[in-house]
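A short write-up of the structure that comes next.
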Amino acid sequence: MASKRGALIVLEGVDRAGKTTQCKKLVQALQASGRPAEMMRFPDRTTTIGQLISAYLEKKSDLEDHTVHLLFSANRWELVPLMKQQLDRGITLVVDRYAFSGVAFTSAKPGFCMDWCMKPDVGLPKPDLVMFLQLNPAEAALRGQFGSERYETSAFQKSVQQKFKQLMKDPSVNWKVIDASKNVDDVHDDIKHHSLNAISAAENTPLGEL
Ligand code: DGP
Ligand code: NA
Ligand code: NA
């Protein structure tokens, strides 16, 4: 019998919802309980494509909007062989943003429909679980000022949040909404609970495709 695959677990959410902190805590908790787990994040700014994206986000370069959308997608695709290899080895991947950020952020720009935005990501490994860290804009504002990167304005983030709401209506994706206004440990408990269920379920189901 083949060994059991790892689960593909994604955290999405608006800025300052605590995604990165929670991804790290989840990986630590899984590892501490003897379950192999690794963290990934998109965009992965370390690759050649990722460096183009990073310069764009830092406003050191300007790129045409369709072009940058395709670069974000290419950045996910270039990591697929590694992701599949790790999942096959039984490693659970905890991913900070994925294709849903891709659709939500680009379709929040004028002149883009969600349908077009989804196309380049069709066929990517499908997450076994996508947790949306929900935080209302007022509470997010209390957590600090926006940085200086592209997209970090409250008007744009509001529109991104609306796009995520539409994406969460897709019943073919295993979405869970997490109340990110709770304290870090309570949010972690919710995330861990859903993740353990997803890890068990993934052992008996093949990896899907978006
Ligand atoms: P982060 O490193 O998690 O702060 O993400 C960088 C920024 O890029 C953040 O504002 C979200 C945005 N982003 C992430 N993925 C995509 C994508 O695929 N397309 C677009 N247009 N933006 C994205
Ligand atoms: Na950011
Ligand atoms: Na983050």
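Both ligands and their constituent atoms are indexed starting at 1 by order of listing.
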- request: Give the intermediate values and the outcome of salt bridge (Lys or Arg N to Asp or Glu O under 4.0 Å) for residues Lys165 and Glu12.
  value: CA-CA 12 Å; Lys165 268 191 187 155; Glu12 291 278 12; over 6 Å; no
- Task: For the pair Arg5 and Asp128, evaluate salt bridge (Lys or Arg N to Asp or Glu O under 4.0 Å) and give the outcome as yes or no after the intermediate values.
- Result: CA-CA 11 Å; Arg5 75 170 174 94; Asp128 297 291; 2.8 Å; yes
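Between the choices Glu149, Arg45, Gln157, the shortest heavy-atom distance to atom 2 (O) of ligand 1 belongs to Arg45. Nearest residue to atom 18 (O) of ligand 1 from His69, Arg76, Arg150, Lys109 is Arg76 (criterion: closest heavy atom).
With a heavy-atom cut-off of 4.0 Å, Arg97 touches ligand 1 through its side chain alone. Under 4.0 angstrom from ligand 1, there are no non-hydrogen atoms of Lys19.
Taking every heavy atom of Leu57 and a limit of under 4.0 angstrom, the matching atoms of ligand 1 come to 6 (C), 7 (C), 8 (O).
Between Tyr98 and ligand 1, a contact under 3.5 Å exists for no N or O pair.
Residues Met168 and Val130 are not in side-chain contact: their nearest non-hydrogen atoms beyond the backbone lie 4.5 Å or more apart. Side-chain atoms of Ile49 and Asn75, non-hydrogen and from C-beta on, do get closer than 4.5 Å to each other.
Ligand 1 has Arg41 within reach: a non-hydrogen atom of the residue lies less than 4.0 Å from it.
A cation-pi arrangement is not found for Arg41 relative to Tyr98, the charged atom failing to lie both closer than 6.0 Å to the ring centre and inside a 45° cone about the ring normal.
Ser101 contributes no side-chain N or O that, together with a main-chain N or O of Arg97, makes up a donor-acceptor pair within less than 3.5 Å.
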